[in-house]
Amino acid sequence: MDVTYEPELVEQKARAFWDDTRCFEVDEDPDKEKFYCLTMFPYPSGHLHMGHVRVFTISDVIARYQRMQGKHVLQPMGWDAFGMPAENAAIKRGVPPAKWTYQNIEDMRGQFDRLGYGYDWRREVTTCKPEYYRWEQWLFTKLFEKGLVYRKNSIVNWDPVDQTVLANEQVIDGRGWRSDALVERREIPQWFMKITAYADELLEGLDHLDGWPDSVKSMQRNWIGRSEGVELSFDVEDEEEPLSVFTTRPDTLMGVTYMAVAAEHPLANKAASDNADLAAFIEECKKMHAAEAEMETMEKKGMPLGISAIHPITGQKVPLWVANFVLMGYGTGAVMAVPGHDYRDQEFAVKHGLPIVQVVEPLDGSEIDVMKEAYVDYGRVVNSGFIDGMTFEEAFAAIAEKFESEGRGKRTINYRLRDWGVSRQRYWGTPIPIIYCDDCDAQPVPEDQLPVVLPEDVEVTGVGSPLKDMPEFYEVACPKCGKPARRETDTFDTFVESSWYFSRYASPDCDTAMLDEREAYWMPVDQYTGGVEHAILHLLYSRFYQKLMRDFGLSGADEPFTNLLTQGMVLKDGAKMSKNKGNTVDPQALIDKFGADTVRLFMMFAAPPEQALEWSDDGVQGASRFLKRFWNAVQAHAAKGDVPALDPDSLNDAERDLRRKTHQTIAKVSDDIGRRYTFNTAIAASMELLNAVNRSDGSSPQAVAVEREALDAVVLLLSPIVPHISHELWEVLGHTTAPVNELWPEFDESALEQDTIEIVVQVNGKLRGRISVAADADKGTVARLALADENVSRFVEGKDVQKTIVVPGRLVNIVV
RNA sequence: GCCCGGGUGGCGGAACUGGUAGACGCUACGGACUUAAAAUCCGUUUCGCGAAAGCGAGUGCGGGUUCGAUUCCCGCCCCGGGCACCA
């Protein structure tokens, strides 16, 4: 045998076959069952990294498996091409973002092909191209007309030195990443999409997403944060307007000992007008960083406003405070504080010496001390006059009814979810199609003037957006009155592009509409794969967009992704691979050294897809070694020449065992890939089968026939994972077809039958022996044989057998 | 801080519905082949005691349920992801 495994040649040959036969290009065929297999498209950073290799390989394995199930499989690829890294590269190297991005795309496309991914490249979508983003702009103008987008002031991180808005990741310890200047909060007008109008549907829809991981659904549920409560009005001393608060705990109303408003609240501003200390504190609150994690962990600060609200039941004065943990954007921007029954209120009250009152007691009568720790569970209401003794539900209803009848409140449903701010003060993004006119206010760009093309030949300095220095871009006529007007220079959040690209793959070349009838054939996506870090934002925005597109008659689907697989990160030395840590491994170097199949095999073998994967150079060696063994085993077998037809009835025990192993393996791998997505165990099972073939003596013609059956199976079972070597070995085994066009093997039930099986015997739950019994032996026989075992009898002798548990086909447990 | 995951040999992991803990692979060690090395092949590899048969311990920590718990329940510890302008 002088045929050695040369991955380079084998892989070239397989790729040439796939290219020549155009086997991954698919059109709509209503007679075939479609399967749309999609991966979250990558940002074209210019460098293929291990995370890409992992997620694209997972998706490719699923696509190839489904193809072998006889499905009509679409697997497209594209580029999430707008984003900050292009601007950063431009600042650093003086290359325009467009040029940098297009070059990166060229480089990465070649790398993907080298890995053997079966994409229909005719459908490639690149989000920074006007042919793509024009439809995004078009939909935005339609949303504008329908009132689903609006403009309001909102806060950004402002770098006073670079005169630029910073992303949260560009703010390090409160300072600008480049300038090191203290970052300020600045309020500017920005565009928002009304995702809250779909909050209920987005929440309810999760109940029907059976193909999504529970963890992702749970995260989205918590993110939407639906809560039922009551909005209550408190009169304020010397004020016309009452103060409105939202609470989910009206049962604790009598425990209110103070109230707190946000720094931006009108009452706070009013009180600050003649109080310099207060004004300074409010300014300080406004400077803090906007991230929720910081809001929650920072010191809870506040100051009294010097005015009081009137408790609506008791008529007593309740002091008003301004506090840095109250958000203007959630609820009414004011809260009633019940320090006896809320942890945060308690912490604040203790710190500022505010009274704490108990108004709820545990239902089980256990002792609590609300002065020490807030009691937040539902219980029985106490110290609360007319609602005393009520449960949470009763008190909720009583308070709600009382306030509703008095016209001072109403039952309300509140969401944690906020509307989606889509404005970015950046250059490298889709221009927001709006024109500002002094007379006509904000006007959408008319359809016949779309797309608003982003100028690509620019110089990026890092100080402001280049669009603001380009009169040829922003000087336009008002579409309504014709007077000179100004074009919006902000661009869209890049999540907008990624919220609908999956639909565009169905009709990537359509230049008359956003989507066409082909969308109905392919959507929804049958299998979506991507990083768990996208569990909330990208996946929620995409669900929102799907509903918008449906409501505009562009799609018939309620949800975009039927099944979701979230894959874990690739780690090295226990940490995420990143340039900062200097622990990256270049996939290209490995592909050059070992070939694509080895890299694919290691990635799929090292861990199940949902878990983090620890990188191992030795593991790659192991994968390479296995492929060599695989290659050599098939070549050695092929050298035995002609194989007789398999006759299952004439097999000896060893041959029968190997044949059983073959069919067990087919069953296991089918289940592992098709249902469980545990590619690692599928590979382990295939390795076991190959090991079994290598141990077989293969001296008789029937032994060779059984070996052939086993090897045929291994080649097909592994072909989704290591498609190149499988393509070659399938030919070596004498087939004239290609695995990519083969149907998935089926297992033979009759080959799985066994005459005798091994049963484990325990005494008091401890393993004491193993017995061999007939497969159809009854419980009594099994128990008798168990007691007869030499080692078992040692532990049972002289003791009373209290109970014998027989689990058919598995074990016997004797309790003494 | 809140939400969602995870924790099993020297390492990656397996054990799918409560039923043999450590499949498969890596590393290390021993052996074969070789002038030698690499490659390849064979064997050993959770820890402790034992010549062996076997015995004891063991799935982050502490409790509980059960004939039986990596798996279910309660309380903790540690690590990772997300937290709305990274994508």
For every nucleotide of nucleotides 47-60 of chain B, 5' to 3': is a protein heavy atom under 4.0 Å from its base (B), only from its sugar-phosphate (S), or from neither (-)? -------SSSS---

Under the side chain to side chain contact (heavy atoms under 4.5 Å, CB included) rule, collect the residues that match up with A/T101, sequence neighbours excluded. A/P44, A/A81, A/A86, A/I105, A/C128, A/W428

Counting heavy atoms from C-beta on, name the nucleotide in B/rC4, B/rA84, B/rU20 closest to the side chain of A/W223. B/rA84

Say you pick atom P in B/rA84 and the same atom in B/rG9; how far apart are they, in whole Å? 36 Å

Of the candidates B/rC86, B/rC24, B/rG81, the side chain of A/A167 sits closest to B/rC86

Check the interface with nucleotides 41-43 of chain B: list each N/O to N/O pair with the protein under 3.5 Å, or write none.
none

Is the phosphate of B/rG25 approached by A/N691 (side-chain N or O, under 4.0 Å from OP1 or OP2)? yes

Which class fits the ring pair A/W100 and A/Y43: parallel under 30°, tilted 30 to 60°, perpendicular over 60°? tilted

Calculate the interatomic distance between A/E169 atom CD and B/rG81 atom P; express it in whole Å. 14 Å

Donor-acceptor side-chain pairing of A/T681 and A/D672 below 3.5 angstrom: yes

Would you say the ring centroid of A/F82 lies under 6.0 angstrom from that of A/F492? no

Are A/K194 and A/D419 ion-paired here, with the side-chain N under 4.0 Å from a carboxylate O? no

Distance check needed: B/rA84 P versus A/R424 CZ, whole Å only. 11 Å

Indicate yes or no: does A/K668 engage A/D671 in a salt bridge with an N to O separation below 4.0 Å. no

Whole-Å P distance, B/rC74 and B/rG5: 14 Å

Within the 4.0 Å limit for protein heavy atoms, which parts of nucleotides 12-19 of chain B are touched? Write it as a string from 5' to 3', B for base, S for sugar-phosphate only, - for none. BSSSB--B

Mind checking whether A/W212 and A/Y528 have ring centres under 6.0 Å apart? no

In whole Å, I'd like the distance from the CD atom of A/E296 to the C1' atom of B/rG82. 14 Å

If a pair means Watson-Crick or G-U wobble with both distances below 3.5 Å, what does RNA chain B look like in dot-bracket form, with | marking bases paired to a different strand? (((((((..(((......[....))).(((((.......))))).((((....))))..(((((..]....))))))))))))....

Mind checking the P distance from B/rG7 to B/rU70? Whole angstroms is fine. 14 Å

A/R185 CZ to B/rA84 P, straight-line distance once rounded to whole Å: 12 Å

Is it true that A/E488 and A/R151 have a side-chain N and a carboxylate O under 4.0 angstrom from each other? no

Protein-nucleotide distance (A/N168, atom CG; B/rG82, atom P), rounded to Å: 13 Å

So which nucleotide from B/rC67, B/rA87, B/rG80 ends up closest to the side chain of A/V815? B/rC67

A/E497 versus A/T430, side-chain donor and acceptor atoms under 3.5 Å: yes

Reading RNA chain B from 5' onward, which residue's closest nucleotide shows up sooner: A/F626 or A/S215? A/S215

Any side-chain heavy-atom pair of A/P608 and A/Y677 under 4.5 Å: no

Pairing donors with acceptors under 3.5 angstrom, does anything connect the side chains of A/W79 and A/Y501? no

Of A/Q621 and A/D214, whose closest RNA chain B nucleotide lies nearer the 5' terminus? A/D214

Using the ring of each side chain (for Trp, its six-membered ring), is A/Y541 parallel, tilted or perpendicular to A/W420, with breaks at 30° and 60°? parallel

Atom CG of A/D345 and atom P of B/rG1: how far apart are they, to the nearest Å? 18 Å

Looking only at atom C1', what distance separates B/rU40 and B/rU34, rounded to whole Å? 11 Å

Counting N and O atoms only, with roles assigned by atom type, does the side chain of A/N764 sit under 3.5 Å from a partner on the main chain of A/V816, one being a donor and the other an acceptor? yes

C1' atoms of B/rG58 and B/rC47, separation to the nearest Å: 8 Å

Taking atom P in both B/rA53 and B/rG64, what distance in whole Å separates the two? 35 Å

Whole Å only: how far is the CE atom of A/M298 from the P atom of B/rC83? 18 Å

Does B/rG9 adopt a syn or an anti glycosidic conformation, taking syn as a chi angle within 90° of 0? syn

For A/K300 and A/K351: C-alpha separation, side-chain torsions, deciding distance, then whether side chain to side chain contact (heavy atoms under 4.5 Å, CB included) applies. CA-CA 9 Å; A/K300 308 288 182 292; A/K351 191 172 166 193; 5.5 Å; no

According to side-chain hydrogen bond (donor to acceptor under 3.5 Å, both in side chains), who are the partners of A/H52, at least two apart in sequence or on a separate chain? A/H49

